[in-house]
Amino acid sequence: MDNSAIAAVFEELAELLEFRGENPFRIRAYQNGARAIRDLDEPISEIAADSDRDLAELSGIGKTLAEKIGVLLSTGSLPQLIELRQAVPEVVIAMARIPGLGAKKAAKLHDELNIKSLDDLAAACREGKVAAIKGFGKKTESSILDGLAIAKAASERIYWAAADKIVAELSEHMRGCDGISQMQWAGSYRRCRETVGDLDLLAVANDRAAAMDHLEAYPGRASTIARGDTKISIRVAKSFQVDMRLVDADQFGAALQYFTGSQAHNIHVRRIAKERGLKINEYGVFKIEDDTRIAGATEEDVYASIGLPVFAPELREDRHEFEWAQKNELPELVELDQIQGDLHMHTSATDGQNTIREMADAAIERGLKYIAITDHSQRVTVAGGLTAERLLEQWKIIDEVRPEYEDRLTIFKGIECDILEAGGMDLPDDVLAQADWVLASVHFGQKQPRDQITDRILGAIENPHVDCIAHPTGRLINRRDPYAVDMDAVMKAAKEHGKFLELNANPARLDLNDIHLAAAKRLKIPIVVNTDAHNIDGLDVMRFGILQARRGGLTAGDIANTLDLKDFLKLRKRLGQ
DNA sequence: GCCGTTTTCGGCCCGACTGTTTTCAGTCG
């Protein structure tokens, strides 16, 4: 079992224990354990196998969880989980996912009304049976019916890039409101997570009601969920929720820190504050002894008041940031303008829309100094993948084009060569040997078992002509799971053979993810952030890749295409490419 | 269940909101 599978077991255990009315701190211990394992950038099986190390040394893992991890690693399952699953009906879990219902209310409904499905629940609400139960009322009943209707649409997290579009439009709209002096988006959007569940806007306004009226006048508003004195929630397209909170100017920093999260980061911050005799909430930082307020207007003074630096929002997940801060080793995260090259893009020769010259011109406009043209290979028939002959023709064209770009842009003769289902590369070695840059990627046989697909990718890494593995896990966020590939084996092989791994910047891919990136950084495997552009606009997704890289804690030094051409070529030579 | 410069017990981040109550439990972030 890999880290995420073990983490999933503990998450499920925590959820099931909640339905059993367990001690909330015990439940949180399982949740914390799950998060610690999920965020780990090395395989927990290796720590377990290492006689010099002890699982219980991991923060959040104690004696009990360490034992359970041992059982999971050796048997693949946990008797406690199987028992709990039998004890908690699935419909109770489904009910608890309805907004407003939690574990306790769901369990009560199930027990008292013999609910067997969500349809049963809807019927019970319509018949007024729910309101008749002690602790429930008419409002709960109708909110359950509303919740059932929107639960599915509202539960979908959207791509960060999609949230960013909504943010841009709403920001523009809200700038038209005169009385707003400060405004900032918080939450997972600000932390640049790959997906965003809702949006949180903080604002300082001299007339709060007017600011709320202005938000309600947003043309994209579908409905208003709630409106109070300090907070308003609306829905925009596809049930996506947007909250706006109005705060005083001297509380803005505390509110921004609080609503940016993550929850785990905030818990850690408050624990540190408490150790120093301070209390921190969304209104400010206070001395516990006499409730004196000592900070709150800016995030800087909030963090400074408890002796911490302002963390980049991308790092606020309670992974390594506090440890780094303590050692004064917070990474200087990579910035978009440090990118000098883009080594994955397509042209109209296959499934792209623009010519080599058009892509080259667009790359120059975006400040790039080198690019690789990497069309698909022949196996990808739907994309009109290139045969060896057509590829050699394309390279001739690149030879012709190159003089026009001398001193401005270097164009590599590249290929995105498929790794075949049976293993091996889609183009002969003598052709690949003539390329400046070879990406290897899987497009077919994605559902192969772990060993098989891992062996295919390892085979590509061992091929001396391959330089980089593109979108290494193949996942499409919300749409397709990653291959069953053993990423740890892939990383070790990449390290051993001096190969790059790609961070594909397409907002639906963002592949590698942040945890993989942290692992690659630890192993000193050079990353290249590529757009995989299929037209000139596609080059603009680079910024999404940079945000993902930042979440992985990557600096410019961890990313090969921040190097200028000379140093990039030197690095390749050093790697033996 | 985890954890420790107040270490093997007794804490565990903190507050808002809601609905249903009449002082609070449950839910949420």
Side-chain angles (χ1 to χ4, degrees), chain A residues 10 13-14 17-37 55-69 80 95-109 130-144 146-147 154-155 186-191 193 196-200 202 225-233 241 243 245-247 251 254-255 257-286 288 291 302 306 316 318:
Chain A
F10 290 139
L13 270 179
L17 287 169
E18 208 177 342
F19 288 102
R20 301 293 298 271
E22 262 292 344
N23 174 357
F25 296 108
R26 185 175 173 225
I27 293 164
R28 201 161 87 193
Y30 277 104
Q31 288 165 343
N32 286 341
R35 196 171 51 82
I37 295 163
L55 288 172
E57 280 170 16
L58 295 170
S59 169
I61 306 293
K63 196 160 168 280
T64 308
L65 262 62
E67 268 175 33
K68 291 183 199 287
I69 292 166
Q80 183 193 10
M95 281 195 282
R97 299 217 166 98
I98 297 167
L101 284 186
K104 298 201 170 161
K105 285 189 167 176
K108 190 161 187 179
L109 285 174
V130 169
I133 300 174
K134 189 173 163 61
F136 291 77
K138 276 283 162 207
K139 290 210 172 170
T140 310
E141 201 168 66
S142 67
S143 83
I144 289 172
D146 290 347
S155 66
S188 54
Y189 170 77
R190 183 163 182 242
R191 300 203 312 283
R193 283 196 52 181
V196 174
D198 59 18
L199 286 169
D200 295 294
L202 296 178
I225 302 165
R227 176 172 170 164
D229 293 337
T230 61
K231 182 190 162 186
I232 176 169
S233 298
Q241 183 171 338
D243 296 343
R245 290 182 167 80
L246 293 156
V247 300
Q251 300 171 341
Q257 194 284 324
Y258 175 80
F259 286 109
T260 297
S262 67
Q263 194 176 25
H265 175 88
N266 285 353
I267 288 173
H268 200 135
V269 166
R270 287 167 197 206
R271 202 172 69 225
I272 292 174
K274 207 168 185 176
E275 284 164 11
R276 299 177 188 201
L278 299 168
K279 186 184 77 172
I280 177 166
N281 59 28
E282 60 262 54
Y283 303 113
V285 184
F286 303 84
I288 291 173
D291 236 19
V302 168
I306 49 174
R316 300 185 195 176
D318 192 22

Determine the Euclidean distance between corresponding [atom1] atoms of [M] and [N]; express it in Å to zero decimal places.
N       : M       : atom1 : value
dT5(B)  : dG1(B)  : P     : 23 Å
dT8(B)  : dC3(B)  : C1'   : 10 Å
dA25(B) : dT20(B) : C1'   : 10 Å
dG11(B) : dT6(B)  : C1'   : 12 Å
dC17(B) : dT23(B) : C1'   : 16 Å
dT21(B) : dG26(B) : C1'   : 13 Å

At 4.0 Å (heavy atoms only), tell me whether [X] reaches a base, stays on the sugar-phosphate, or touches nothing.
X       : answer
N23(A)  : base
G33(A)  : nothing
S59(A)  : sugar-phosphate
I272(A) : nothing
K279(A) : sugar-phosphate

Check the distance between [N]'s [atom2] and [X]'s [atom1] and give it to me in whole angstrom.
X       : N       : atom1 : atom2 : answer
L202(A) : dA16(B) : CG    : P     : 15 Å
K63(A)  : dG4(B)  : NZ    : C1'   : 18 Å
I267(A) : dC14(B) : CD1   : P     : 10 Å
D243(A) : dA16(B) : CG    : P     : 16 Å
R26(A)  : dC9(B)  : CZ    : P     : 20 Å
D229(A) : dT18(B) : CG    : P     : 10 Å
Y30(A)  : dC3(B)  : OH    : P     : 13 Å

Working to the nearest 0.5 Å, report the span between [atom1] of [X] and [atom2] of [Y].
X       : Y       : atom1 : atom2 : value
Q257(A) : H265(A) : CD    : NE2   : 5.5 Å
D198(A) : D243(A) : CG    : CG    : 5.5 Å
E22(A)  : I27(A)  : CD    : CD1   : 6.5 Å
N281(A) : Q251(A) : CG    : CD    : 8.5 Å

Worksheet item: Taking the six-membered ring of F10(A) as reference, does the NZ or CZ atom of K68(A) fall below 6.0 Å from its centre and within a 45° cone about the axis?
Response: no
At under 4.0 Å, does any side-chain N or O of [X] touch on OP1 or OP2 of [N]?
X       : N       : result
Y283(A) : dA16(B) : yes
N266(A) : dC13(B) : no
T64(A)  : dC2(B)  : yes

Worksheet entry | Exam field: side chain K108(A) to backbone K134(A), donor-acceptor pair closer than 3.5 Å | yes
Fill in: Donor-acceptor pair, side chain of E141(A) and main chain of A131(A), under 3.5 angstrom
yes
Worksheet item: Taking C-beta and beyond as the side chain, do D318(A) and Q263(A) meet within less than 4.5 Å on heavy atoms?
Response: no
Discussion item. If you assign each of L58(A) and R271(A) to its closest nucleotide in DNA chain B, which residue comes earlier from the 5' end?
Written reply: L58(A)
Worksheet item: 5'-most contact on DNA chain B: H268(A) or A29(A), nearest heavy atom basis?
Response: A29(A)
Item to complete: Any strand is fair game: report the nucleotide pairing with dC3(B) by Watson-Crick or G-U wobble, both distances under 3.5 Å, or none.
Response: dG10(B)
Worksheet entry | Heavy atoms from other residues, nucleotides or ligands near CG of N23(A) exceed 12 (cutoff 6.0 Å) | yes
Fill in: Footprint string (nucleotides 20-29 of chain B, 5' to 3'): B base within contact, S backbone only, - free, heavy atoms under 4.0 Å
SS----SSSB
